Amino acid sequence: PLRILKLLYKSFLLATKLKPNVFLTTGSLPLAVLAFWSFIFGSSIIWIECSASLASISWSGKFVAMFASRFYVQHPALADQGKIYCGELA
């Protein structure tokens with residue numbers, strides 16, 4: 001619980017300091033939290049789902065999908081309802 005609060009606080013400070021126009025990430029839970037704060041401060045979010053996600057979207061991906069401007073997946077079976085198949089990234 002304390003680590004989660006620390007993550008929320010640090011990511012909030014980083015988002016307020018950087019204020020990016022576009023936030024692009026290949027995704028993980030800490031970056032999902034930073035993406036959320038960046039979205040709150042007006043950033044466009046581009047999320048590329050991890051290539052390890054073969055059968056379903058990750059928890060962090062499901063969270064970010066609610067507010068992402070673009071959501072890319074690396075497996076065609078995961079492309080649906082606004083998720084775009086982009087092929088594998090090297």
Side-chain angles (χ1 to χ4, degrees):
L2 188 56
R3 290 175 60 190
I4 293 171
L5 292 174
K6 189 176 180 180
L7 171 65
L8 288 170
Y9 178 70
K10 284 187 171 187
S11 62
F12 173 79
L13 292 178
L14 189 58
T16 57
K17 180 180 178 182
L18 297 177
K19 295 181 183 154
N21 292 322
V22 176
F23 186 88
L24 170 79
T25 180
T26 55
S28 68
L29 183 56
L31 292 174
V33 174
L34 184 55
F36 172 74
W37 287 122
S38 298
F39 171 75
I40 293 295
F41 293 114
S43 299
S44 294
I45 308 301
I46 301 172
W47 184 268
I48 302 170
E49 183 66 6
C50 175
S51 61
S53 299
L54 299 172
S56 66
I57 302 295
S58 66
W59 184 89
S60 54
K62 289 176 185 176
F63 171 66
V64 173
M66 293 187 282
F67 55 86
S69 302
R70 296 277 183 147
F71 193 107
Y72 294 98
V73 294
Q74 298 184 54
H75 297 285
L78 299 177
D80 67 349
Q81 299 174 352
K83 295 171 185 72
I84 305 161
Y85 172 65
C86 64
E88 292 187 31
L89 299 177

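Numbers here are sequence positions counted from 1. For clarity, every value in this text was computed on a predicted model and none was experimentally measured.
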Check this for me: Leu5, atom CG, are more than 12 non-hydrogen atoms of other residues, nucleotides or ligands nearer than 6.0 Å?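 Buried by this count: over 12 neighbours within 6.0 Å.
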**Study point:** Nearest-0.5 Å distance that lies between atom SG in Cys50 and atom NE2 in His75
**Key:**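 Answer for the SG-NE2 pair, Cys50 versus His75, is 8.0 Å.
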For the atom pair CG (Leu7) and CG (Leu2), what is the distance rounded to the nearest 0.5 Å?
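If I round to the nearest 0.5 Å, the distance is 11.5 Å.
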Not counting sequence neighbours, which residues clear side chain to side chain contact (heavy atoms under 4.5 Å, CB included) with Phe39? List them please.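 For Phe39, the residues satisfying side chain to side chain contact (heavy atoms under 4.5 Å, CB included) (neighbours in sequence not counted) are Ile45, Phe67.
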May I have the step-by-step check of side-chain contact (heavy atoms from CB on, under 4.5 Å) for Phe12 and Leu8, ending in yes or no? CA-CA 6 Å; Phe12 173 79; Leu8 288 170; over 6 Å; no
**Q.** Minimum side-chain heavy-atom gap Thr25-Leu34 below 4.5 Å
**A.**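 No, too far: nothing below the 4.5 Å cut-off.
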Do Leu31 and Phe23 have side-chain heavy atoms sitting under 4.5 Å apart?
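Leu31 vs Phe23: side chains touch.
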Handout entry: For Ser60, all residues meeting side chain to side chain donor-acceptor pair (under 3.5 Å), sequence neighbours excluded
Key =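 Ser60: side chain to side chain donor-acceptor pair (under 3.5 Å) contacts with Ser58.
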May I have all residue pairs that pass side-chain hydrogen bond (donor to acceptor under 3.5 Å, both in side chains) and include part of residues 33-47, sequence neighbours excluded?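 Of all non-adjacent pairs touching residues 33-47, those that pass side-chain hydrogen bond (donor to acceptor under 3.5 Å, both in side chains) are Ser11-Trp37, Trp47-Glu49.
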Taking all non-hydrogen atoms of both residues into account, name the closest pair between [X] and [Y] and its distance.
X: Cys86; Y: Gln74; value: SG-CG, 4.4 Å
X: Phe63; Y: Ala32; value: CE2-O, 3.8 Å
X: Ile57; Y: Lys62; value: O-CE, 3.2 Å

Query raised in the report: When you look at Val73 and Asp80, which way does the side-chain contact (heavy atoms from CB on, under 4.5 Å) test go after all the steps?
Result: CA-CA 10 Å; Val73 294; Asp80 67 349; over 6 Å; no
### Message
Could you tell me if Lys83 sits above the aromatic ring of Phe71, with its cationic atom closer than 6.0 Å to the ring centre and no more than 45 degrees from the axis?
### Response
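Yes, Lys83 sits over the ring of Phe71.
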